[in-house]
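Down below is the structure, laid out as structure tokens.
Note that ligands are numbered from 1 as they come in the structure, with each ligand's atoms numbered from 1 the same way. One is the number of the first residue; the rest follow in order along the sequence.
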Amino acid sequence: MDLLQVEVLYNREQIQEKVADIGRQISGDYRGHELLVVGILKGAFVFMADLIREIDVPMEIDFMDVSSYGLSTSSSGEVRIEKDLEYSIKGRDVLIVEDIIDTGLTLKFIYENLKTRNPKSIRIACLLDKPSRRKAEIFPDYVGYSIPDKFVVGYGLDYAEQYRHYPAVCILKPAVYEK
Ligand code: 5GP
């Protein structure tokens, strides 16, 4: 990790403990059920890979990729499905796994979209939450950390497709994007 560019917010060990904690909660809540875990690409793939190995109930996994469109650089709430689920979720217990909720507009769209497909239940697990930035009414069921309004990278999260492989969640130093 280039510590001139980033500052560690949560290290590998802290994240591991937190993810194990969320996994235990989910295992307890879904005991006797079978899950369909839906990861939102690309950012959630690292969190999802770790989280599913901490969940001790039968499951299948699937992925969805969405992108915001519109002119604004921040989330516009107009979301397009780039890659849809492979399987039907009708009658299934769905757990959406997301890396970070910022305005909530992206997840709101995904949640409403999946709801129309008649799942038995939908819940949301996200590693990071920036509640101060919320614009849409969306309430994650499992949250790793609530964080302040800083731009973070690592553990799957990118800036211009960089930093996803960093094992820690890091704050990106403004000098990097203010150049
Ligand atoms: P929302 O629709 O909630 O505003 O946007 C959520 C998406 O914005 C996340 O899935 C993520 O891709 C991106 N995002 C929001 N905040 C951050 C951040 O601090 N760092 C990174 N790398 N992406 C973010």
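If you look at D99 next to ligand 1, the close heavy atoms, those under 4.0 Å, all belong to the side chain. Contact annotation: for K130 versus ligand 1, heavy atoms closer than 4.0 Å belong to the side chain alone. If you look at K150 next to ligand 1, the close heavy atoms, those under 4.0 Å, all belong to the backbone.
Remark: R164 fails to qualify as a cation-pi partner of F45 under the 6.0 Å distance and 45° angle criteria applied to the six-membered ring. Cation-pi check for K18 over Y145 is met; the charged atom lies under 6.0 angstrom from the ring centroid and within 45 degrees of its normal.
Defined by atom type and a distance below 3.5 Å, a donor-acceptor pair is missing between the side-chain atoms of S132 and D149. When only modelled atom types and interatomic distance are considered, Y155 and D50 share a side-chain donor-acceptor pair under 3.5 Å.
Among all heavy-atom pairs drawn from I110 and I96, the shortest one is CG2-CD1, 4.1 Å. Heavy-atom minimum distance, P148 versus K130: O-CG, 3.9 Å.
Atoms of ligand 1 lying under 4.0 Å from any heavy atom of D158, numbered from 1 in the order shown and given with element: 21 (C), 22 (N). The contact set between ligand 1 and L157, taken as ligand atoms under 4.0 Å from a residue heavy atom, comprises 21 (C), 22 (N), 23 (N). For ligand 1, the atoms sitting less than 4.0 Å from at least one non-hydrogen atom of E98 are 10 (O), numbered in the order shown with element in parentheses.
Under a 4.0 Å heavy-atom criterion, Y159 is not in contact with ligand 1. By the 4.0 Å heavy-atom criterion, G43 is excluded from the residues contacting ligand 1.
Any N or O atom pair closer than 3.5 Å counts here, and L107 shares no such pair with ligand 1. An N or O contact shorter than 3.5 Å links D102 to ligand 1 by distance. The N/O atoms of V152, backbone and side chain alike, include one that comes under 3.5 Å of an N/O atom in ligand 1.
Counting side-chain heavy-atom gaps under 4.5 Å among Ile, Leu, Val, Met, Phe, Trp and Tyr, the cluster of Y177 also holds M1, L3, V6, V8, F151, V153, Y159, Y163, Y166, L172, V176.
For the side-chain contact (heavy atoms from CB on, under 4.5 Å) test, residues two or more places apart in sequence or in another chain that qualify with R117 are M64, I81, D84, L85, I89, N113, L114.
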